[in-house]
**Student:** 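Handing you this structure, nothing more for now.
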Amino acid sequence: MALAASVASGCAVAPAYHVPTVAQPDAYKEAQGWQPAAPADALERGPWWTLFGDATLNELAAAVEVSNQNVAAAAAAYAQARALVSEQRAALFPVVDLTGSAGRSGGGGDTRTAGQYRMNIGGSWEPDVWGKLRAGTDSAGANAQASAADLAAARLSAQGELAANYFSLRQTDAQQTLLAATVDSYQRLLTITTNRFNAGLAAKSDVLQAQTQLASARIDLSNAVRQRAQLEHAIAVLLGKPAGAFTLAPAPWNSAVPAIPAGLPSTLLQRRPDIAAAERRVAAANAQIGIARAAYFPSLNLTAAYGVGAGQAAGLFNASNSLWSLGLSAAQNLFNAGATAARVSGAEAGRDAAIAHYRQTVLAAFADVENQLAASAALAQQQELRRAASEAADQVEAQMLNRYRAGQVAYTEVVTAQNTALAARRALVQAQADRQTTAIALIQSLGGGWRQP
């Protein structure tokens, strides 16, 4: 009974664990109506990429989990951590082994030989009186949970990067379409300007300017082709495929951006896997203190053995040849020049460092969400302004072309209007892409989705 009571109270060597406190805002400054956060990192996040309504993205993102090598490495690390938990848990139980031997011996001038046969079964057990072994199991379990969160973080990161690259590629497709149309337009204008020059109605400089504009547009189109190829290769790597074996055909770009629901609960912030991993590592560090403190107490070991020995194999099972033993041993370190105290202090410092890292992770997460919310609101306004600017620039370009054909303005004014209009169109496309990539970043900062848990 005394031993059982000691075992039951053994965990007292490890400090009681409490999730570290951290300052949290009552609401998000950049989004009104949000609620205070609460831990919910174990809730299912769901396929968040389906919010964008793109069938090709849905197919690609689903393949990341099984093909991306970074995710595969994180999965292997998680499996390794789980194996370590099993190993630590096994230390709580007795170890039983069976040994056997057989041999013959002789020497000198005597030609006779003697045989010796032995078989022994033995066991040993270290009672976890002070909770050292259980603290080791707790630490390994917390580290395994942290590895699971690391796996979720690797998966979310790969999926987010894939989505961002995919929409950047679709934006490049849109830029190519825009630039191809611009090249055609500039080619027609060059023909018109050349005809006017041949008719003596335009100067040679007008033709040269038209040629320069056309060449610049073709260069921009070539750069867009190069950028698309690089994005396609990046997507191939994320999918775990050779760049040369993957092709993504051009397709219309769905530039829609999911709307943020009003009053979105901030519980999703606590679903961030990096926060979950940081908190679990605090728990693991806390258990390490118990392991270090256990060195202040003696270690106990129980042993038992039963064996038989005989000169012939047939005699192994005679009761007269059997031997047994029981034993109890204890060991206590009497002096080690403060090494145990130093290990305890080091473990406590490790826990304090883990707590600081956890708090910093949470604070950075809140700031990340605020940043993405602010960026989302600003980009939504910018897109409408870009759209208005592009429409106005298109009208100016059309007017300048008509006036040039009528001989009312110089060609330099046409060039200025065309450059302004092209820049406005490309800026509008970029603004649409920025909204999508910012939405992806917001999803990642929320831990992988906006859906109500």
**Student:** Please determine whether side chain to side chain contact (heavy atoms under 4.5 Å, CB included) holds for the pair Trp49 and Leu60, giving the CA-CA distance in whole Å, both sets of side-chain angles, and the decisive distance to 0.1 Å.
**Tutor:** CA-CA 10 Å; Trp49 51 88; Leu60 295 175; over 6 Å; no
**Student:** Between Tyr358 and Val282, does the side chain to side chain contact (heavy atoms under 4.5 Å, CB included) criterion hold? Intermediate values first, please.
**Tutor:** CA-CA 8 Å; Tyr358 167 75; Val282 175; 3.9 Å; yes
**Student:** Would you find a donor on one side and an acceptor on the other, under 3.5 Å apart, between the side chain of Ser168 and the backbone of Ala164?
**Tutor:** yes
**Student:** Roughly how far apart are Leu201 CG and Arg196 CZ, rounded to 0.5 Å?
**Tutor:**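 Taking CG in Leu201 and CZ in Arg196, the distance rounds to 5.5 Å.
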**Student:** Distance-only, no hydrogens or angles: does the Ser185 side chain make a donor-acceptor pair with backbone N or O of Ala181 under 3.5 Å?
**Tutor:** no
**Student:** Would you please test Arg351 and Gln288 for side-chain hydrogen bond (donor to acceptor under 3.5 Å, both in side chains) and show each step?
**Tutor:** CA-CA 8 Å; Arg351 178 199 56 190; Gln288 289 295 321; over 6 Å; no
**Student:** For the pair Gln372 and Thr438, evaluate side chain to side chain contact (heavy atoms under 4.5 Å, CB included) and give the outcome as yes or no after the intermediate values.
**Tutor:** CA-CA 6 Å; Gln372 302 308 329; Thr438 301; 3.7 Å; yes
**Student:** Kindly indicate whether the side chain of Thr361, heavy atoms from C-beta on, has any atom under 4.5 Å from the side chain of Arg272.
**Tutor:**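 The answer is no; the side chains never approach within 4.5 Å.
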**Student:** Between the side chain of Arg359 and the main-chain N/O of Thr21, is any donor-acceptor distance below 3.5 Å?
**Tutor:**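 Answer holds: yes.
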**Student:** Using the rule given for side-chain hydrogen bond (donor to acceptor under 3.5 Å, both in side chains), can you reason through Thr340 versus Asn336, listing the C-alpha separation, both sets of side-chain angles and the distance that settles it, and then say yes or no?
**Tutor:** CA-CA 7 Å; Thr340 300; Asn336 59 11; 2.8 Å; yes
**Student:** Measuring from Thr420:OG1 to Glu397:CD, what's the distance to the nearest 0.5 Å?
**Tutor:** 9.5 Å
**Student:** To the closest 0.5 Å, what do you measure between NE2 (His233) and CD (Gln230)?
**Tutor:** 8.5 Å
**Student:** Would you confirm whether Gln436, through its side chain, and Ala256, through its main-chain N or O, come within 3.5 Å as a donor-acceptor pair?
**Tutor:** yes
**Student:** Mind checking the CG-OG spacing from Asp54 to Ser255? Nearest 0.5 Å is all I need.
**Tutor:** 11.0 Å
**Student:** For a quick test of your reading: what N or O donor-acceptor pairs under 3.5 Å do the side chains of residues 212-220 make, sequence neighbours left out?
**Tutor:**
from   : atom 1 : to     : atom 2 : distance (Å)
Thr212 : OG1    : Leu208 : O      : 2.9
Gln213 : NE2    : Gln418 : OE1    : 3.1
Gln213 : NE2    : Asn419 : OD1    : 3.2
Ser216 : OG     : Thr212 : O      : 3.0
Arg218 : NH2    : Gln187 : OE1    : 3.0

**Student:** Taking atom CD of Gln408 as the centre, does the number of heavy atoms from other residues, nucleotides or ligands within less than 6.0 Å exceed 12?
**Tutor:**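 Above 12, so yes.
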**Student:** Could you walk me through whether Thr56 and Arg170 pass the side chain to side chain contact (heavy atoms under 4.5 Å, CB included) check?
**Tutor:** CA-CA 11 Å; Thr56 303; Arg170 290 304 180 214; 4.3 Å; yes
**Student:** Apply salt bridge (charged side-chain N to carboxylate O under 4.0 Å, His left out) to residues Glu391 and Arg387 and explain how you reach the verdict.
**Tutor:** CA-CA 6 Å; Glu391 292 173 355; Arg387 191 184 307 279; 5.5 Å; no
**Student:** Return yes if some donor-acceptor pair links the side-chain N/O of Asp368 with the main-chain N/O of Ala364 below 3.5 Å, else return no.
**Tutor:**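 Pair absent, no side-chain N/O of Asp368 close to backbone of Ala364.
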**Student:** Between Leu379 and Gln383, is any pair of side-chain heavy atoms under 4.5 Å apart?
**Tutor:** no
**Student:** Would you call Leu231 and Arg228 a side-chain contact if the rule is heavy atoms closer than 4.5 Å?
**Tutor:**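 In short, these two side chains do not touch, never coming nearer than 4.5 Å.
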**Student:** If you measure from CG on Leu248 to CZ on Phe246, what distance do you get to the nearest 0.5 Å?
**Tutor:** 4.5 Å
**Student:** Can you spot which of Val409, Ile192, Val414 makes a side chain to side chain contact (heavy atoms under 4.5 Å, CB included) with Leu401?
**Tutor:** Val414
**Student:** Could you walk me through whether Asp138 and Tyr17 pass the side-chain hydrogen bond (donor to acceptor under 3.5 Å, both in side chains) check?
**Tutor:** CA-CA 11 Å; Asp138 292 343; Tyr17 177 68; over 6 Å; no
**Student:** Take Gln430 and Asp434 through the side-chain hydrogen bond (donor to acceptor under 3.5 Å, both in side chains) test and state the conclusion after the steps.
**Tutor:** CA-CA 6 Å; Gln430 184 63 55; Asp434 288 344; 2.9 Å; yes
**Student:** When you look at CZ of Arg155, are more than 12 heavy atoms from neighbouring residues, nucleotides or ligands closer to it than 6.0 Å?
**Tutor:**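 Yes, the 6.0 Å shell around CZ holds more than 12 heavy atoms from other groups.
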**Student:** Under the 3.5 angstrom rule, does the side chain of Ser157 hit a backbone N or O of Ala153 as a donor-acceptor pair?
**Tutor:**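 Side chain of Ser157 to backbone of Ala153: no pair is present.
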**Student:** Could you give the distance from CG (Asn286) to CZ (Arg281), rounded to the nearest 0.5 Å?
**Tutor:** 15.5 Å
